[in-house]
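Computed from heavy atoms alone, side chains included, the values below leave out hydrogens, waters and symmetry copies. The structure displayed is predicted, hence computed values, not measured ones. Whatever order the structure lists ligands and atoms in, that order sets their numbers, starting from 1.
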Amino acid sequence: MAALDLARLINAAADTIAVHAEELTALDQAIGDGDHGLNMKRGFEAVRAEAGAFSAKPLPEALKAIGTKLVMTVGGASGPLFGTLFLALGKEISAEPDRASLTAAFGKAIEAVAARGKSQVGQKTMLDVLQPVHDALAGGKTAAETAEIADAAAEATVPMKALRGRASFLGERSIGHMDAGARSTALLVRSVGEAIEADA
Ligand code: ADP
Ligand code: MG
């Protein structure tokens, strides 16, 4: 894999969150407390503000620094969970990963999120997008195919009943709405994938 322009990936991620913040808020209003758009925007703008410093670090250190920043700034349930994803990815990844080692590290990072959230696939959370994305990477899918899989996976949370997070308080009434964290995860996957392709 070519050396990543991490600042470019950070900007792409922050851009997509900024553009979709209101949509994420609306999703979280339907079955949560309506803060997900603002939470994510605050966090990713904080990461963007230090994009230069982060991208000067070796990839593992950069990812850990991003994770720490997200934990400190996103808030809500999703802050520690997205933070854990990046922190664990930083711990597991090598400085110049190939696709196989990136996929393995991503798998470990998803396990760390599940442990932190005491959650698993099928409970209408970000994990319902993260896991199919991992499987797409493992299966050799392109960035564009992986983005489509992520979108479909977020869409597939609509008929699910939430079993974790605030939406679970609604029980059956959580059915019929997309999970906000699943949507934000799919947005991040698409933007990062497109930025990596553009770099290659
Ligand atoms: P809060 O729920 O505290 O208001 P956010 O609105 O920022 O925080 O984030 C909500 C999202 O976090 C949900 O849509 C879901 O995807 C994710 N989430 C919440 N709890 C868990 C959990 N235990 N495991 C995995 N993801 C979770
Ligand atoms: Mg919320």
Visitor: Quick one: does Asp28's side chain have a donor or acceptor within less than 3.5 Å of a partner on Asp35's backbone?
Guide: yes
Visitor: Looking at every heavy atom in both Thr146 and Ala136, which two are closest together, and how far apart are they?
Guide: OG1-CB, 3.8 Å
Visitor: Taking Lys124 for its side chain and Val158 for its backbone only, find out whether a donor-acceptor pair lies under 3.5 Å.
Guide: yes
Visitor: Are a donor atom and an acceptor atom from the side chains of Thr103 and His134 found within less than 3.5 Å of each other?
Guide: no
Visitor: Could you give all pairs that pass the salt bridge (Lys or Arg N to Asp or Glu O under 4.0 Å) test and reach residues 38-56, with sequence neighbours left out?
Guide: Asp15-Arg48, Glu45-Arg48, Glu50-Lys69
Visitor: Return the set of residues passing side-chain hydrogen bond (donor to acceptor under 3.5 Å, both in side chains) with Gln123 (not counting sequence neighbours), or none when no residue passes.
Guide: none
Visitor: Can a salt bridge be assigned to the pair Lys141 and Glu148 using a cut-off of 4.0 Å between side-chain N and carboxylate O?
Guide: no
Visitor: Pairs under 3.5 Å, N/O atoms on ligand 1 and on the protein: can you put them in a table with the distances?
Guide:
from, atom 1, to, atom 2, distance (Å)
ligand 1, 3 (O), Ala77, N, 2.7
ligand 1, 4 (O), Asp33, OD1, 2.9
ligand 1, 4 (O), Asp33, OD2, 3.1
ligand 1, 4 (O), Asp35, OD1, 3.0
ligand 1, 4 (O), Asp35, OD2, 3.4
ligand 1, 4 (O), Arg166, NE, 3.0
ligand 1, 6 (O), Asp28, OD2, 3.1
ligand 1, 6 (O), Asp35, OD1, 3.0
ligand 1, 7 (O), His36, ND1, 2.9
ligand 1, 7 (O), Asn39, ND2, 2.9
ligand 1, 7 (O), Ser78, OG, 2.6
ligand 1, 8 (O), Ala77, N, 3.1
ligand 1, 9 (O), His36, ND1, 3.3
ligand 1, 9 (O), Ser78, OG, 3.4
ligand 1, 14 (O), Asp179, OD1, 2.5
ligand 1, 14 (O), Asp179, OD2, 3.3
ligand 1, 14 (O), Gly181, N, 2.9
ligand 1, 16 (O), Met126, N, 3.1
ligand 1, 16 (O), Asp179, OD1, 3.4
ligand 1, 16 (O), Asp179, OD2, 2.6
ligand 1, 23 (N), Gly117, O, 2.9
ligand 1, 24 (N), Ser119, OG, 2.7

Visitor: Would you call Arg166 and Asp33 a salt bridge, using N to O less than 4.0 angstrom?
Guide: yes
Visitor: Leaving waters out, which protein N, O or S atoms fall under 2.8 Å from the Mg ion (ligand 2)?
Guide: Asp28 OD2, Asp33 OD1, Asp35 OD1
Visitor: Does Thr16 reach the main-chain N or O of Ala13 with its side chain, forming a donor-acceptor pair under 3.5 Å?
Guide: no
